[in-house]
2 protein chains.
Amino acid sequence: MMEEGRTPKIVDVARLAGVSTATVSRTLSKPETVAQKTRDAVLKAAKESGYRVNLSARSLRSRRTGVVGVLVPNLGNTFFSRILAGIESTLARKGLSVLMVDTMHQTTKPEFILDYLNDSRVDGILSLDGSLSPTLLQAGQATAGLLPTVFVCEWHDQGNHPSIRVDNLQGSALAIDHLVALGHTKIGLINGPLDNVLSKARLSGALAAIKKANLKIDDSWQFESDFSLQSGVAAADSLLTLQDRPTALFCANDETAIGLISQLHRRGFYVPKDFSVVGFDDIDIARHYLPALTTIWQPRMELGEIGAQMLIERLENKASHTPQPAKVLPVELIIRETTAKPA
Amino acid sequence: MMEEGRTPKIVDVARLAGVSTATVSRTLSKPETVAQKTRDAVLKAAKESGYRVNLSARSLRSRRTGVVGVLVPNLGNTFFSRILAGIESTLARKGLSVLMVDTMHQTTKPEFILDYLNDSRVDGILSLDGSLSPTLLQAGQATAGLLPTVFVCEWHDQGNHPSIRVDNLQGSALAIDHLVALGHTKIGLINGPLDNVLSKARLSGALAAIKKANLKIDDSWQFESDFSLQSGVAAADSLLTLQDRPTALFCANDETAIGLISQLHRRGFYVPKDFSVVGFDDIDIARHYLPALTTIWQPRMELGEIGAQMLIERLENKASHTPQPAKVLPVELIIRETTAKPA
DNA sequence: ATTATAGTTGTAATCGATTACATTTACCAT
DNA sequence: ATGGTAAATGTAATCGATTACAACTATAAT
């Protein structure tokens, strides 16, 4: 029995089990170094007393937090949720937990994020946001050491952080080739933000594929979006102002594609009758949209799992700083109902 | 200039500014108790040395973490993202940060979540998941004190935790009344999980409204879902096996409604021609769906803001345990394209 | 001039674990 | 029996801040 009114500390457990605090500590973190019999006694005492380790004390002394910061550009986009699931389950298996930071919501600027994610809060960073790298690097120079960082999905060319991503060029090529095979010769692009690495990769992949098919692309057939539903709507309006319109559109992501299709529809143009549309990501709702969205599927769970695994490896052997090459996973074209032969 | 290779600690700043560590500490946390001149010197020294407070040391001593745990049933549902935005911005204004826990992804069971969210990790809890309350209470008895908890959206009848929610009964009534006004007399329900407080509230609101309109509801017109797209699909299939079918469906949430509409469509039944459908939540995509979804709008940002504010108040005056009554916000019916007069 | 008071600042104990190092125990080979 | 080695455990320093309390200063009131 414990005396009431005080949360038990490690000394209480030690006393109860008849051992030293060191032994209790070891039982909890390196059980294999403690004799079976002692271990049992300690665990019993810990359970009886309702002991919970004080995490602040632990990380103050051990210089580890057990927390990984995950930077997400926009939690509102469902694309990220399955990646997060992969990250979370992989980290949980190692006893690590996730501190999620929405770099869009976060009321503040990059410098704040770095101030926030200092090494007394997290042991490492998984960034799904490629735009933060330069600042991260700066901060790394300013303070003692750089936090181990792995980029997932997005990446940054400067600073050779390890990264796991998808073959965006291949994705674009699959999309364009599909449209070309259907007979489209006038293909437009709803690009993502032009400062985003994904957008840039997908754009250059698309342009390459268009060129390879010996097609031309009019500058007026390219529109800029910010990956949001709303920017798809805007793109539709811009598209319809054109005299000479493309017959097919390849979109930066599914949300943009849905916004686009939705607005085209409201303006009396139908997909795929009047326009073919291809998205990117295969978010959950893509298959349930009407018409169901033709899109590029990404192995989202795997991206999260592998990214987390890469970070774990960096955390475990801090010594080796061998700059791992970026890992790249393949994508797949999912043909549904938003693409057809041109009218 | 600092010597390299060592991250500066509070003593370094103190030395640099020519004051004691106590003064540095106070400058950083209670500036008003420090003379202007001293304050300036300390801040200058802190900046020059690139000092970052060690959060583990701080919370070990101060017994506060500055972190609020947010329990989310399913991050993959976009419904939550705007609530989270409201929570995050409100907490950030007070220097508090968010530790997000997806109670669905979390590989483990409630007892784990509580073990995880112990008071050395968070100062309080915002729960968007009503199912956890009983366990929370148990844990509160087992350990020293209960973590201050506020429920947002969902709630629990046991244990009078403060909560902020939406008028679910009113939402159901608005939906049903709308369908009745259109002339529907055979109204079916796609309910959420029957152990969920939201589902129960919405169901009883709907039944009351149906009764008030002097209509009957056949048991076979009620279907159970789990708020997912997939369960909407399943509901459509069940619905179509019926001989005597309702002409309108009120769904537990928008995702279910979209799954339902999508599958009805694939089976050759159209909305709103063959069936009228009303959702609940007004997620971002609702207005961009084809047909655009008639639904019940919730003040999501406000839910998050007020919930966070309520928790902040509890954290600030720990003394007053006056059990605040649940706050309830109104909802709105948004009429779009999925409802029409019965055929 | 003296005392009271409020405003600043410093000293040093403290939060609760981990872990380097020392010590003891157990076991085996000689 | 003896020495050597490995395994298990204990002692006490340590992580880096916060804060109770003491001490000092400046100003106002008497």
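In what follows, chains are A, B, ... by sequence order, proteins preceding strands, each numbered from 1.
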Exercise for the section: From the options B:Val152, B:Thr149, B:Leu126, select the one residue that forms a side chain to side chain contact (heavy atoms under 4.5 Å, CB included) with B:Leu311. Expected result: B:Leu126

Handout entry: Identified side chain to side chain contact (heavy atoms under 4.5 Å, CB included) partner of A:Val72 from the options A:Leu84, A:Thr103, A:Ile87
Key = A:Leu84

Problem - B/S/- contact track for nucleotides 8-18 of chain C, protein heavy atom under 4.0 Å - result: SBBBBBBBBBB

Exercise for the section: Consider only side-chain N and O atoms of B:Ser120 and A:Asn54, and report whether a donor and an acceptor are under 3.5 Å apart. Expected result: no

Handout entry: Lys/Arg cation over aromatic A:Phe151: A:Arg165, 6.0 Å, 45° cone
Key = no

Practice task
Have a look at B:Lys94 and tell me which of B:Glu316, B:Glu313, B:Glu88 forms a salt bridge (charged side-chain N to carboxylate O under 4.0 Å, His left out) with it.
Solution key: B:Glu316

